[in-house]
There are 2 protein chains.
Amino acid sequence: MTISAAACPSGDERVTLFALLLDTNARLSRTLGVALEESCQLPLAWFEVLLQLRRSPEGILTMSQIADAIVHSTGGTTRLVDRIEAADYIERRTCPSDRRAVNVGITALGNAKLDEALSAHLSFLDVHVSNRLSDQERKQLAALLEKLSVD
Amino acid sequence: MTISAAACPSGDERVTLFALLLDTNARLSRTLGVALEESCQLPLAWFEVLLQLRRSPEGILTMSQIADAIVHSTGGTTRLVDRIEAADYIERRTCPSDRRAVNVGITALGNAKLDEALSAHLSFLDVHVSNRLSDQERKQLAALLEKLSVD
DNA sequence: CCATAGTAGTTGCATATGCAATAGTTTGTC
DNA sequence: GACAAACTATTGCATATGCAACTACTATGG
């Protein structure tokens, strides 16, 4: 007896695809997290913040921008930034144009740690991405994920 | 002045791709979580467990299998299963072949809730996946993610 | 058949995170 | 200009999760 897709939505092709996305992300994140922790003693969440800061044009982001970039609540971001700041990898600065806002910048120590982490990250990517996807496939994947990222 | 990829690994194409994967996943998960919570009062983690149970051949999984399927620690899975069981959506059963193991099965109430959640999930997928990717693109994406999922 | 090693699940503890409430600041409107 | 509405970050509280230690059970090798 065949069960129709309507009668068995858990077998729907899109449900499977979405589950695969969740699963792939969870496994890769966990593996990367362990690798970063072991090689640099840097939590993945800290790495994400440092990376976003380096990517920003001025090397500076406000709390809200960080929260949005790493998809955390603003409350969670406050505490996360507290911890990274306590480790002297980043620092809060006053925002000249808006006294409500807090600018966050990376320190010299943070830059050094980020370089270290990026080196570990590139090794991780070699093993878990480059070995598995060709140049063209990576471009394809990026294009597809971009389409899913539109608000 | 152009910065070489070697000198600026944060701009590496693979780093960007991986960041995009993290970001896409985080945003879609959050949106889905809110939708499920609002429409069914079902946390996303609970939905994942129920879905895995329905997908398993016998409708039954051990604690370890659940932990692996949803990428949690076994400790975290124990508490998660505790909560879902307290809501009567699943139940622990003895495993006849191994007295160390605990079988987890879905209840009638859990099945009903899962149907409800799947309906909400399908609406979510319509908006956030079907509207953005063609049939062929979804197949492509699934194939690419499969390649990344190999242990 | 016993001893040892390995596996399955639970628990205590530490930590990370979200939500809602709050204080301070800015923006828009009249 | 003044007031209301909106925005920015922080905090208290509740909850979720991982890790390591532990118990109970199974498998393996002599």
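In what follows, chains are A, B, ... by sequence order, proteins preceding strands, each numbered from 1. What's counted below: heavy atoms across the whole structure, side chains too, no hydrogens, waters or symmetry copies. Just so you know, these numbers come straight off a predicted model, no measurement behind them.
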In terms of the nearest nucleotide of DNA chain D, which residue is placed more toward the 5' end: A:Arg30 or A:Gly76?
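Result: A:Gly76.
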Quick one: [X] [atom1] to [N] [atom2], roughly how many Å, whole number?
X: B:Asp82; N: D:dA16; atom1: CG; atom2: P; result: 11 Å
X: A:Glu37; N: C:dA14; atom1: CD; atom2: C1'; result: 14 Å
X: A:Gln65; N: D:dC7; atom1: CD; atom2: P; result: 15 Å
X: B:Arg100; N: C:dA8; atom1: CZ; atom2: P; result: 6 Å
X: A:Met63; N: D:dC7; atom1: CE; atom2: P; result: 18 Å
X: B:Arg83; N: D:dA16; atom1: CZ; atom2: P; result: 4 Å
X: A:His72; N: D:dT17; atom1: NE2; atom2: P; result: 14 Å
X: B:Leu44; N: D:dA16; atom1: CG; atom2: C1'; result: 13 Å

Hey, does A:Thr77 reach any base, or is it just sugar-phosphate, or nothing, if we go heavy atoms under 4.0 Å?
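Nothing: the residue A:Thr77, judged by heavy atoms under 4.0 Å, touches no strand.
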Could you tell me whether B:Phe18 and A:His128 have their ring centroids closer than 6.0 angstrom?
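Ring centres of A:His128 and B:Phe18 not closer than 6.0 Å.
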For A:Arg14 and B:Ser130, which I'm curious about, is there any donor-acceptor pair between the side chains at under 3.5 Å?
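Yes, a side-chain donor-acceptor pair sits under 3.5 Å.
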Assess, by modelled atom type and distance only, whether the side chains of B:Thr16 and A:Arg55 contain a donor and an acceptor separated by less than 3.5 Å.
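There is such a pair (donor and acceptor under 3.5 Å, judged by atom type) between the side chains of B:Thr16 and A:Arg55.
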Just compare D:dA16, C:dT17, D:dT26 and give me whichever is closest to any side-chain atom of A:Arg79.
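Nucleotide nearest to A:Arg79's side chain: C:dT17.
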For the side chain of B:Asp98, starting at C-beta, report the closest nucleotide among D:dC25, C:dT17, C:dT25.
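Nearest listed nucleotide: D:dC25.
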Residue met sooner reading DNA chain C from 5', once A:Val71 and B:Thr74 are mapped to nucleotides:
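Its nearest nucleotide lies further toward 5', so the answer is B:Thr74.
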side-chain N/O A:Arg99 vs C:dA23 OP1/OP2, d < 4.0 Å
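For C:dA23, neither OP1 nor OP2 has a side-chain N or O of A:Arg99 closer than 4.0 Å.
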So does B:Asp82 pair up with B:Arg79, basic N to acidic O under 4.0 Å?
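No, B:Asp82 and B:Arg79 are not salt-bridged.
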Salt bridge (charged side-chain N to carboxylate O under 4.0 Å, His left out) between A:Arg132 and A:Asp126: does it pass, once the steps are laid out?
CA-CA 9 Å; A:Arg132 299 173 181 196; A:Asp126 272 343; over 6 Å; no
